[in-house]
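For reference, the structure discussed in these notes is given below.
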Amino acid sequence: MAETLPNSAIADAFEELGDLYELDGAIVHRVLAYRAAARTVREAPVSIAELARAGRATELAGIGDTLQEKILTLLDTGTIPAMEKLRAKVPPGLIAITRLPGLGPKRARLLHAELGVDSLDALREAALAGRLRTVKGLGAKFEASVLDALERGVGERPAPRLLLPRALELGRALADGLSERGGAGTDVRIAGSARRMADSVKDIDLIAVTRKPVTLAKSLAALGEIESVASAGRAGAKGRSHSGVSIDLRIAKPSQLGNLLQHFTGSGKHNAALREAAVRGGLHVSEYGVYDDAGGTTTTCASEQEVYALLGLAYIEPELREDRGELAAASLLSRPTHRTHSAHSALPELIALPDIRGDLHCHTVASDGRNTIEEMALAARERGYEYVAITDHSASHGFGDDVSPEQLRRQIERVREVDASIDGIMVLAGSEVNILPDGSLDYEDDLLAELDWVIASVHTAFTMGEEAMTERMIAAVEHPLVDAIGHPTGRLIERREPYAVDMPALTCAAARTGTMLEINANPDRRDLNDIHARAAAQAGASIVIDSDAHGVERFDVMRWGVATARRAWLTAEDVANTRSWERFAKLRKQTRQ
DNA sequence: GCCGTTTTCGGCCCGACTGTTTTCAGTCG
């Protein structure tokens, strides 16, 4: 039937199959296998449909012959027989019930079997009538907590998440406040997804060492950011911030700091994979230490480095701990050199902020920015950059911020003047040109040819279908005067979904034509995201990280773009604007060199 | 359902918490 399907559709099917199998009482490992496969498919840099047609989907971790067959059946018939069978057997409303806290598949099944509960509404009715407590193994407290959760709308509304800058700001404020109150010898670290520099986080994990644990735990309640504290003891404290985020403070003995930090930095999947691999070597990892079957002893670690070293692994940077191949890459292989054997891992040496030598996307008062060309140039120079491109919006941008062709010609002249008048930084004349719905650009080619640097971005008609959007963007990629594609998926984290575009196809076209793809560093965007940026680099496309600054202070958002690049396994070599302008030029497409 | 210094069957991470229990199942991160 369907020639092809996006990876997301295949992943959704596996996700649903996992949920249905779980509710049907399948063993947990089969359920986990479906969920792992769904994640692999969703994050894959290539078309899984095409891969399966070629019989090569089994090359991916977690996809075996059975699942490849199911993909092919889904492509050919539009469905999977097992899914149809399970849908008929398991009420679909039960999946929503398992989203409630304290309600997993077993209890959902139990409630369905005993009380006929098959939806959130039926659950509410049964709870209000006091029937939940009549089920063996459940009681009045359970019933009350279910009603409370339904009351609060849990399961309907997703939990609030903080964007990374706000999360780190909150985490830092809490850590500083605690350090102050904990007295000498207190050291508080941020762990969890904030430390891994995820796009957004739903709770803040803090790990502390201190001489006065009880005092430190109690002092959490005294911090201005904290709304309430549920528990506090010598092991730590749990609370909530005024912004609705859970705060988890754990207090470690200095000798176990490494174990606790490693455990609470996660991710959960990284830790699960780490422990599974360790078991094969007779070691058992927990937040308290590493237990060795052979000696029957537990070793504690003051640092994370020691934890990884005990397992025969190189140190893995927090940004890489997502179970995306980092464990295999961290295996220490003894590579013989001509003199000696040295331990060596395949982990990348990740890019860092000081590697960035220039910023190629920013705005001035000519469009919707807040500062002049000169102010922006000086601010870029203060960051130590060697070059900056002024890239205001183009002729059709709208919002009163559009730049007509005549205005752009004058802007180019002004950029030349500023460049001549300021030492120590090269100021480039550029533009962020709209990609119109038909794939054309909104300046004539002869004008674009006068620019040093052209970014093409989509700012209108976000909702067109995947095929049309992909054609539209590839037309811009293939334009000989386009240097880079700005914020390629258009997502706004926690606010707007990416538009439908075939990323493997776009990435492939970018690599083929030498068009660069941007990691827009604005923390609301971080677009390309980590998955796409990694795939793009692997496909041979050049990556450029830009601030998209609309004011002088916004050059500082570069760090969030670098964080995304690190999560994408990128080295300085993988990112074009870590080079001097002369060396950068060699990476540009032939028509732009 | 996947996968292999336990290779084609029999395993497949670790610990805390909660509520309901006389020893633990289910859920969660």
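Because only heavy atoms are used, hydrogens play no part in the values below, and waters and symmetry mates are left out as well, while side chains stay in.
The same atom, P, is picked in dT8(B) and in dC17(B); the two are 42 Å apart, to the nearest Å. Rounded to a whole angstrom, the distance from the P atom of dC12(B) to that of dT5(B) is 15 Å. With P as the reference atom, dT21(B) and dT27(B) are 15 Å apart, rounded to whole Å. One C1' atom belongs to dT23(B), the other to dT18(B), and the distance between them is 15 Å to the nearest Å. For the P atoms, the distance from dC13(B) to dG19(B) is 28 Å, rounded to whole Å. Look at the C1' atom in both dG11(B) and dT6(B): the space between them is 8 Å, to the nearest Å.
When rounded to the nearest whole Å, the span between OH of Tyr288(A) and P of dC13(B) equals 19 Å. Between Leu60(A) atom CG and dG1(B) atom P there is a gap of 18 Å when expressed in whole angstrom units. With rounding to whole Å, Asp323(A) atom CG is found 14 Å from dC12(B) atom C1'. As a whole-Å value, the separation of Asn271(A) CG from dG15(B) C1' is 12 Å. In this structure, Arg280(A) atom CZ and dT7(B) atom P are separated by 13 Å, rounded to whole Å. Atom OH in Tyr34(A) sits roughly 11 Å away from atom C1' in dC2(B) (whole-Å rounding).
Once rounded to the nearest 0.5 Å, the distance linking CZ of Arg566(A) with CD1 of Ile351(A) reads 9.0 Å. With rounding to the nearest 0.5 angstrom, the CZ atom of Arg495(A) is 12.5 Å from the OG atom of Ser200(A).
The side-chain contact (heavy atoms from CB on, under 4.5 Å) test with Arg195(A) singles out one residue from Arg189(A), Arg321(A), Glu319(A), and that residue is Arg321(A). Results of the side chain to side chain donor-acceptor pair (under 3.5 Å) test with Glu15(A) over Arg42(A), Arg39(A), Arg35(A) single out Arg42(A) as the only residue that passes.
Pair assignment for dC17(B) gives dG26(B), based on Watson-Crick or G-U wobble hydrogen-bonding distances that are each under 3.5 Å.
If you check dC12(B), dA16(B), dC14(B) against the side chain of Ser286(A), the one that comes closest is dC14(B). Taking the side chain of Glu276(A) as heavy atoms from C-beta on, and the options dC12(B), dG1(B), dA16(B), the nearest nucleotide is dC12(B).
Counted by atom type alone, Asn271(A) and Gln262(A) present one or more donor-acceptor pairs between their side chains at under 3.5 Å. For Tyr34(A) and Glu22(A), the side-chain atoms include no donor-acceptor pair closer than 3.5 Å.
Contacts between residues 121-133 of chain A and DNA chain B, defined by a heavy-atom separation under 4.0 Å, are absent.
More than 12 heavy atoms of other residues, nucleotides or ligands lie within 6.0 Å of CD in Glu494(A), so this atom counts as buried by the packing criterion. In this structure, Arg56(A) places its CZ atom where only 12 or fewer heavy-atom neighbours from other residues, nucleotides or ligands lie under 6.0 Å away.
Residue Phe264(A) is out of contact with every strand shown, counting any heavy-atom pair closer than 4.0 Å. Residue contacts shown for Val28(A) are absent, as no nucleic acid heavy atom lies under 4.0 Å away.
Cation-pi geometry between Arg526(A) and Trp560(A) is not met: the NZ or CZ atom fails to fall both under 6.0 Å from the ring centre and inside 45° of the normal.
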Summarise protein proximity over nucleotides 17-29 of chain B in one line of letters, 5' to 3': B for base, S for sugar-phosphate only, - for none, counting protein heavy atoms closer than 4.0 Å.
--SS-----SSS-
